[in-house]
Amino acid sequence: MTTTDDFIESLAGDLVPVRRLRPPPLRAALWVALAAVLVAVLVLMRGVRADFFDEIRDPAYWVQLAGAWLTGATAILAAFEVSLPDRSRAWLLLPAPSAVLWLYGFAYGCLGHWIAIPAGAPIAHDSVRCVETIMMAGIPMALGLWLMLRRVRPLRPSGTAFVAAVAVAAVADTAHLLIHVVEASLLVLLVNLAPVTIIIVLGSLLGRRGLRPV
Amino acid sequence: MERSSSSGDRMSGGGGAPVPSAAGRPRVPDADWSVLMARSQDGDQLAYATLLKSVTPYVRALAARVGLTGDDGEDAVQDVLLTIHKIRHTYDPARPFGPWLAAVARRRLIDRTRHRSRRWRRETALTEAHETLAADEANYQEAAGEARRLRAAIAELPPGQRQAIEMLKLQEMSLKEASARTGQSETALKVAVHRAIRRLRSLLDGTR
């Protein structure tokens with residue numbers, strides 16, 4: 001039988017120096033910068049969407065784009081904050097206002113003005129390219145965040161995994177919004193909203209265990 | 001039973017032992033703990049042992065508040081200390097230590113009380129009659145003597161070896177579970193068990 005004093009001695013005997021985590025705002029700033037570079041590289045590789053210079057005059061497009069990017073940035077900060085034991089759960093709500101803008105963009109562009117798929121449109125080809133972009137942005141983001149958050153060993157793995165998944169989905173969608181023209185409502189649902197939802201659901205479920213909670 | 005029996009530093013003992021205030025925050029100068037934790041993060045074993053001993057009464061009082069007393073309470077305290085050990089890199093010395101500790105302890109104690117209520121729902125406690133009447137070997141006085149000798153020999157092992165034997169042999173945990181619980185590698189645990197068995201053999205041979 002181990003007494004608590006003996007247990008403390010054995011823990012102290014096993015002690016090795018550890019590298020402290022940097023403050024969450026600093027780590028989040030680094031990650032937002034990395035996400036910006038990732039999105040920029042993807043835009044350079046695949047080219048900006050054909051109607052970009054028309055779209056930038058449309059406030060609805062800006063609202064959705066800014067909403068997606070801000071959701072990504074705030075969700076990254078929220079994930080780093082909430083993964084620490086002594087931070088409030090209220091951090092989970094940080095991405096909510098920008099997520100409302102982002103979702104408003106989806107709803108406005110997709111359900112507000114229902115646009116049917118034009119006859120003869122290369123749906124399969126376009127859809128594959130859209131999903132490719134989302135994966136090219138999402139996979140490196142997801143892996144990087146997973147590795148960083150795994151090191152934290154969060155006490156609240158579910159909340160942490162959820163906001164991290166929201167961050168990945170939002171950054172991936174930012175790249176998608178800059179690169180692809182998707183006007184038809186059904187396609188927006190299929191190649192934009194559906195992958196975003198899948199990333200959030202899968203990320204939350206897999207991330208919860210994968211983050212090595214203590 | 002996992003790790004049990006209490007240490008000497010009970011709430012009433014020791015000068016200046018911290019106790020939870022009405023707000024649930026420890027009444028000790030937080031700066032002391034912060035400094036000790038910062039030094040622990042740098043690998044100072046003495047500071048770490050001092051810190052853990054100093055927070056133990058506070059954690060024990062929190063455990064008692066949620067109904068974890070006696071052996072259950074000590075197991076809970078050790079669980080909280082182990083969690084502190086595993087996530088000590090997440091503490092920022094620029095912030096107060098009390099809220100960090102309270103959050104870790106609260107989270108771990110909630111998990112334990114949930115686990116305990118689940119266990120109570122599906123298990124019935126054994127009485128003395130179950131133990132002495134149901135199993136023949138429980139009535140063999142000779143075997144009881146052997147067990148006592150073995151327990152005494154285990155108690156003489158160094159802490160690391162004793163912990164490895166208790167987890168892997170007495171509690172029959174898998175290497176993976178014990179590794180996750182102690183934070184030690186599976187190889188280190190295997191080596192500890194091997195050495196512990198060799199030492200037990202020599203201790204028991206010596207007392208025959």
Side-chain angles (χ1 to χ4, degrees), chain A residues 1-30 77-92 145 147-161 164 208-214, chain B residues 1-9 38 40-53 56 60 74 77-78 81-104 106-108 151 154-155 158-160 162-163 166 180 182-184 188:
Chain A
M1 301 234 176
T2 309
T3 67
T4 300
D5 279 347
D6 287 345
F7 187 66
I8 288 172
E9 292 305 328
S10 78
L11 289 181
D14 290 341
L15 189 74
V16 287
V18 285
R19 197 156 52 90
R20 291 181 196 111
L21 293 173
R22 294 187 194 287
L26 198 67
R27 282 183 289 144
L30 174 75
L77 177 59
F80 286 139
E81 289 282 0
V82 89
S83 66
L84 298 177
D86 55 345
R87 309 303 158 93
S88 165
R89 287 181 73 87
W91 279 105
L92 290 172
L145 278 179
L147 285 174
M148 281 205 78
L149 290 168
R150 197 175 138 81
R151 205 188 144 232
V152 179
R153 307 201 65 178
L155 278 179
R156 289 178 288 218
S158 304
T160 307
R208 203 166 46 194
R209 292 196 74 80
L211 291 178
R212 293 198 312 155
V214 280
Chain B
M1 196 53 55
E2 295 177 41
R3 297 156 261 127
S4 69
S5 116
S6 66
S7 64
D9 52 356
S40 306
Q41 288 174 322
D42 294 335
D44 182 338
Q45 298 188 346
L46 187 63
Y48 193 45
T50 310
L51 172 75
L52 294 185
K53 281 177 186 164
T56 295
R60 193 176 283 131
E74 281 318 294
V77 169
Q78 292 180 20
L81 297 179
L82 187 59
T83 307
I84 292 171
H85 184 73
K86 285 181 182 167
I87 61 167
R88 61 192 186 282
H89 61 292
T90 66
Y91 172 65
D92 176 359
R95 298 170 71 94
F97 182 79
W100 185 89
L101 170 67
V104 173
R106 234 187 335 260
R107 183 75 226 177
R108 203 28 97 231
R151 270 200 299 275
I154 290 174
R162 186 166 59 232
Q163 191 186 30
E166 280 173 4
T182 59
Q184 293 184 47

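Since the model is a prediction, treat every value here as computed from it, not as a measurement. Every chain is numbered from 1 and lettered A, B, ... according to where its sequence line falls, protein lines coming before strand lines.
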Inset, instruction - Could you tell me which of A:L15, A:V18, A:L21 has the largest number of non-hydrogen atom pairs under 4.5 Å with chain B? - result: A:L15
Inset, instruction - Heavy-atom distances under 4.5 Å only: say whether B:A180 touches chain A with side chain, backbone, both or neither. - result: neither
Inset, instruction - Looking only at non-hydrogen atoms, find the nearest pair between B:W100 and A:P85 and report the distance. - result: NE1-CG, 3.4 Å
Legend entry - Atom pair OH (B:Y48) and CD1 (A:I8), whose distance is rounded to the nearest 0.5 Å: 9.5 Å
Inset, instruction - Could you check which of A:R151, A:R87, A:R19, A:R22 has the highest count of heavy-atom pairs closer than 4.5 Å to chain B? - result: A:R87
Inset, instruction - Could you check if a side-chain atom of A:F7 sits within less than 4.5 angstrom of a side-chain atom of B:L82, using non-hydrogen atoms only? - result: yes
Inset, instruction - Quick one: closest heavy-atom pair of A:S10 and B:Q163, and the distance? - result: OG-OE1, 4.2 Å
Legend entry - Nearest-0.5 Å distance, CD of residue A:E9 to NZ of residue B:K53: 4.0 Å
Inset, instruction - Find out whether B:P93 and A:R20 are in side-chain contact, i.e. whether some heavy atom of one side chain is under 4.5 Å from a heavy atom of the other. - result: yes
Legend entry - Region of A:L155 in contact with chain B, defined by heavy-atom distances below 4.5 Å: both
Inset, instruction - Look up atom CG in A:D5 and atom OG1 in B:T56, then write down how far apart they are to the nearest 0.5 Å. - result: 7.5 Å
Inset, instruction - Against chain A, label B:T90 side chain, backbone, both or neither, depending on which of its atoms sit under 4.5 Å from a heavy atom there. - result: both
Legend entry - Contacting region of B:L81 [heavy-atom separation from chain A under 4.5 Å]: both
Legend entry - Minimum heavy-atom distance between A:T3 and B:Q78, given as atom pair plus value: C-NE2, 3.7 Å
